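Note that ligands are numbered from 1 as they come in the structure, with each ligand's atoms numbered from 1 the same way. Remember, predicted model here, so these are calculated numbers, not experimental data.
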Amino acid sequence: MSNHFYKSPLLPDPLLGCEGEKILTAEQWQQIRRPEILELFHEHVYGRAPLQRPQYLRFITVDKGEGWMGGKAVRKKIDIGYEGPGGNGVIHLYLFVPAQAIRPVPTFLLICNREAENMDPDREVQSPFWPAEHIVSRGYAAAVFHVEDLDPDKHDGFKNGVHGIFDPPEVPRPKDAWGTLAAWAWGASRVMDYLETDPDIDDKSVALVGHSRGGKTALWCGAQDERFAMVVSNDSGCGGAAITRCKKGETINNINERFPHWFCENYKSFNGRENELPIDQHMLLSLIAPRLLYVASASEDTWADPDSEFLACTHAERVYNLLGLKGLETLDMPAPECPLHQGSIGYHLRTGKHDLTLFDWNCFMDYADRHMKEARL
Ligand code: GTR
C-alpha cells in the first residue's frame, strides 16, 4: 500500500462553500455547507427519493420468541409494510435481542445484499456475513433486512419495487430521480422508523453496516439520516468510500455500464470525467460527521481500491476537526490487521479478498465498544 501523498489528486474542498466562502465554524458547516453537499449528491450521484416516511407505514410483529441461541436471545420477525400510489411492499426485518442485557440495547443493523441464506432467521445457516450469535454474545442486538424487499438488483426500467410504488408517472424520468442504491437506503431509514418504536432497542445507538454495494447504500443512508449513530462501510469502493478521482480498479464508467440502475441518470454524464464532478467521496463521508464513521478495506480488493478508501477518510477528517472531533490522526495507511480506532473515524485494512468476515465484524464491535456510548446523543 502506498503512502497517499504520492497519489493524492486535487479534490473539491468540503470547507469551501458553493459561493466561494470559507466554512470556518461548526454552525456554518451545519447551516450552509452540509446541505449544499447533500444536495450535490442528490443531484449528481444517487438521485432524489420522492418521499421519506410514507403516509402508510405499518409495523407488524409476526413472530416473537424466547429461547433462541441457547436461551441467549429473543428473536423478533417484524414486517414493515409500506404503500403508495403504485402498490405496496414489505420489508422483512429479523432481529435478535440479547436476553440478559440491560435494555434498551445498542444495535447493529446490516443491509444484506448477498443471498438471503446469509441472514437465515432460523440459524441453520450461520454465515460470517451476518454473525448474529457473535453480535448478540457481545451485547448488541443483531438486525438485518434484505435489499430485494425494496428493489430488485437489476435494471428493470424502475418498474418494480419502491420506484414502481412511489414514483410520479413523469415521462421521461427525471435525470436526478432515485436509483436502486437510494431505494435501498430509503429502506434502511424505514427500518430505523421501526427501531425507534421498539423499547428493547436503544435507537440513539444504532450502527448501520453494509458491504460493497450495501456499503455504498449504508453511506448514502447515513449521510441523509442523522438518526444513525454510526455508519460502517465495508469494501464499498467506487460510489462508496473510495475517492473517484485517480481511483484504481472500478471507475464511474465501469460501474454505470455494469449497473445502470444503481445511480441517477446524471451520474452517467461523469463517465470518464471524474475531475468535473463538483464533489468526491470524501465529502460523502464528511456528511456522517459528527457521528461515528467506520471504513474497512481488504488488501486484495483492488477493484474497490483500499488506497482510495483510506484517502477519502483522511480528507473527511477536516470536517470532523472543525466540529471539534478527532479523525484518523494519521495520513499513513495502517498495516493489515492494525485497526485505527482512536478518533471518530475508524479504519482497518484486512488481509484477503472482497468479503465481510468475522474479523471485520469484531473490529466494528471493538470500535463501537470504545466510542458508541460516549458519542451517544
Ligand atoms: C461489483 C461492483 C462493485 C461492488 C461489488 C459488490 O461487481 O463492481 O462496485 O459493489 O460488486 O457489491 O459486491
Side-chain angles (χ1 to χ4, degrees), residues 41 44-47 109-119 127-130 144-156 161 178-185 187-188 208-223 231-265 267-268 270-272 274 277 279-282 284-285 294-312 349-350 352-361 364:
F41 278 99
H44 300 290
V45 186
Y46 304 100
L109 170 62
L110 174 68
I111 299 168
C112 185
N113 55 287
R114 286 261 176 99
E115 299 75 30
E117 300 85 82
N118 286 293
M119 43 178 251
S127 156
F129 194 80
W130 189 53
V144 70
F145 73 97
H146 202 278
V147 293
E148 299 266 341
D149 288 349
L150 282 310
D151 197 30
D153 194 359
K154 59 173 194 240
H155 195 26
D156 59 5
W178 54 340
T180 293
L181 298 180
W184 298 343
L208 181 63
V209 182
H211 166 66
S212 204
R213 64 198 75 186
K216 306 179 211 291
T217 305
L219 290 171
W220 179 230
C221 176
V231 180
V232 182
S233 142
N234 194 71
D235 303 357
S236 64
C238 183
I243 293 286
T244 32
R245 284 166 173 78
C246 302
K247 187 184 173 302
K248 291 172 283 173
E250 190 172 36
T251 63
I252 295 183
N253 190 37
N254 295 142
I255 206 164
N256 279 330
E257 278 199 350
R258 283 184 62 204
F259 307 101
H261 55 297
W262 279 3
F263 299 89
C264 73
E265 196 58 27
Y267 198 47
K268 295 181 182 143
F270 295 99
N271 287 351
E274 281 78 1
L277 269 167
I279 43 81
D280 210 318
Q281 298 305 109
H282 61 306
L284 178 69
L285 301 189
Y294 198 104
V295 173
S297 310
S299 65
E300 291 169 36
D301 190 10
T302 50
W303 190 238
D305 187 5
D307 281 333
S308 296
E309 293 174 331
F310 181 73
L311 183 65
L349 176 69
R350 166 179 56 73
K353 294 194 185 357
H354 183 72
D355 199 1
L356 175 56
T357 70
L358 200 52
F359 176 84
D360 297 317
W361 277 104
F364 308 155

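At distances below 3.5 Å, at least one donor-acceptor pair connects side-chain atoms of Lys247 with backbone N or O atoms of Ala304.
Once rounded to the nearest 0.5 Å, the distance linking CG of Asp156 with OG1 of Thr180 reads 7.0 Å.
Counting atoms of ligand 1 from 1 in the listed order, those under 4.0 Å from a heavy atom of His354 are 5 (C), 6 (C), 13 (O). Within ligand 1, the atoms closer than 4.0 Å to a non-hydrogen atom of Trp262 are 9 (O), 10 (O), numbered from 1 in the order shown. Close approach of ligand 1 to Trp303 (heavy-atom distance below 4.0 Å) involves ligand atoms 2 (C), 8 (O).
Proximity of Ile255 to ligand 1, defined as any heavy-atom pair under 4.0 Å, is confined to the side chain (atoms from C-beta onward).
Among protein heavy atoms, atom 6 (C) of ligand 1 sits closest to Ser212 OG, 2.5 Å. Counting only heavy atoms of the protein, atom 7 (O) of ligand 1 lies nearest to Arg258 NH2, 3.1 Å. Closest protein heavy atom to atom 3 (C) of ligand 1: Glu250 OE1, 3.2 Å.
Put simply, the residue from Tyr46, Trp178, Phe263 that forms a ring-ring contact (aromatic ring centres under 6.0 Å, His included) with Trp220 is Tyr46.
Remark: among candidates Arg213, Lys216, Arg114, the nearest residue to atom 11 (O) of ligand 1 is Arg213, based on non-hydrogen atoms.
Comment: Lys353 engages Glu300 in a salt bridge, judged by a side-chain N to carboxylate O separation of less than 4.0 angstrom.
Not a single heavy atom of His211 sits under 4.0 Å from any atom of ligand 1.
Residues Leu284 and Val45 are not in side-chain contact: their nearest non-hydrogen atoms beyond the backbone lie 4.5 Å or more apart.
With sequence neighbours excluded, the residues forming a side-chain contact (heavy atoms from CB on, under 4.5 Å) with Val147 are Ile111, Asn113, Trp184, listed by chain and number. Arg213 is linked by a salt bridge (charged side-chain N to carboxylate O under 4.0 Å, His left out) to Asp153, counting only residues two or more places apart in sequence or in another chain.
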